[in-house]
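Step one of this worksheet: look at the structure below.
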Amino acid sequence: MLMRTDPFREFDRLAQQLTGAVTPGTWSRPSPMPMDAYRSGDEYVVVFDLPGVSPDAIDLDVERNVLTVKAERRPAALDEGVEMQVSERPLGVFSRQLFLGDTLDADRISAAYENGVLTVKIPVAAQAKPRKIAITGGETGSRTVTGETVEDTKQVDA
């Protein structure tokens, strides 16, 4: 299971929208990046929107079950004498941290970046997947458990 780390980040985002004050993120105070997360079979998929970010400006780390994604969108290099008329695309540093539950396999995380979208796949750990357990006990006999015949044994204490 994935968990967000900063519940106040949404308040910051709403305050920025209401006041119209958009400040570029810095390495010490990064801006949030939009994401979606869902489970698909035996893995969780987290998708981050990072349009205009170069793949070499993306940092993806896992430490103690915390997944950290940091990216930096730098301003475009303009020729001398060019005067910017409108600048609405956010620049600066963007970051997101997710706590990975113990049921996820942090050693087998994979990531791909295409068309401004970073897709991170986190498999469910083998020990967390459902499995069938054979039942033994009581009188000697056999019965069918999950489609196979199981011999019951009686244990006698000496």
Side-chain angles (χ1 to χ4, degrees), residues 1-135 145-148 150:
M1 179 165 169
L2 301 171
M3 296 172 40
R4 293 183 175 193
T5 59
D6 186 1
F8 300 104
R9 187 165 280 188
E10 286 299 308
F11 291 122
D12 288 342
R13 185 185 61 79
L14 289 172
Q16 285 179 351
Q17 283 182 340
L18 292 173
T19 61
V22 178
T23 57
T26 63
W27 283 101
S28 60
R29 185 167 172 88
S31 298
M33 67 181 75
M35 69 165 231
D36 289 335
Y38 56 92
R39 183 171 178 166
S40 176
D42 285 339
E43 67 184 2
Y44 280 91
V45 179
V46 187
V47 182
F48 300 93
D49 282 345
L50 297 169
V53 175
S54 171
D56 60 341
I58 300 173
D59 223 9
L60 186 62
D61 295 312
V62 175
E63 183 177 345
R64 294 187 179 184
N65 286 356
V66 177
L67 174 70
T68 303
V69 180
K70 279 193 176 185
E72 184 176 9
R73 183 179 302 128
R74 299 175 183 106
L78 301 175
D79 293 334
E80 198 171 315
V82 173
E83 185 179 330
M84 181 66 74
Q85 297 297 313
V86 177
S87 179
E88 294 179 347
R89 295 174 49 214
L91 301 174
V93 179
F94 303 87
S95 178
R96 204 66 185 254
Q97 285 189 319
L98 300 172
F99 284 114
L100 305 178
D102 293 335
T103 60
L104 300 178
D105 190 350
D107 294 330
R108 296 187 320 141
I109 294 175
S110 63
Y113 183 69
E114 186 176 341
N115 297 327
V117 176
L118 176 66
T119 303
V120 178
K121 294 183 178 183
I122 310 161
V124 174
Q127 68 267 21
K129 293 179 184 175
R131 61 190 185 282
K132 298 291 183 184
I133 299 171
I135 301 172
V145 177
T146 66
E148 58 188 74
V150 176

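Numbering starts at 1 and runs along the sequence shown. Since the model is a prediction, treat every value here as computed from it, not as a measurement.
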- Task: Decide yes or no on salt bridge (charged side-chain N to carboxylate O under 4.0 Å, His left out) for K70 and E72, but give the supporting numbers first.
- Result: CA-CA 7 Å; K70 279 193 176 185; E72 184 176 9; over 6 Å; no

- Item | Test log, rule side-chain contact (heavy atoms from CB on, under 4.5 Å), inputs T68 and V66 | CA-CA 6 Å; T68 303; V66 177; 4.0 Å; yes

- Please lay out, stage by stage, how V69 and M33 fare under the test side-chain contact (heavy atoms from CB on, under 4.5 Å). CA-CA 9 Å; V69 180; M33 67 181 75; 3.9 Å; yes

- Query: Which is it for D61 and D59 under the side-chain contact (heavy atoms from CB on, under 4.5 Å) test, yes or no, and what are the steps along the way?
  - Reply: CA-CA 7 Å; D61 295 312; D59 223 9; 4.0 Å; yes

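Atom CD of residue E43 and atom CD1 of residue I109 lie 11.5 Å apart, to the nearest 0.5 angstrom. Note: D49 CG to D36 CG = 7.0 Å, rounded to the nearest 0.5 Å. Interatomic distance, L50 CG to M35 CE, rounded to the nearest 0.5 Å: 12.0 Å. Here the CG-CG distance, from L98 to N65, works out to 12.0 Å after rounding to the nearest 0.5 Å. How far CG of L91 is from CZ of R74: 11.0 Å, rounded to the nearest 0.5 Å. Between atom OG1 of residue T103 and atom CD1 of residue I122 there is a gap of 10.0 Å, rounded to the nearest 0.5 Å.
For the pair R73 (side chain) and P75 (backbone), a donor-acceptor distance under 3.5 Å is absent.
A heavy-atom distance below 4.5 Å is found between the side chains of V47 and Y38. Looking only at side-chain heavy atoms (C-beta outward), F48 and V117 stay at 4.5 Å or farther from each other.
Across V53 and Y113, no two heavy atoms sit closer than the pair O-OH, 2.5 Å. When all heavy atoms of P123 and R108 are compared, the pair lying nearest together is CB-NH2, 3.3 Å. Across all their heavy atoms, A111 and L60 have their closest contact at CB-CD2, 3.5 Å. When all heavy atoms are compared, the tightest approach of R39 to G41 is NE-O, 2.9 Å.
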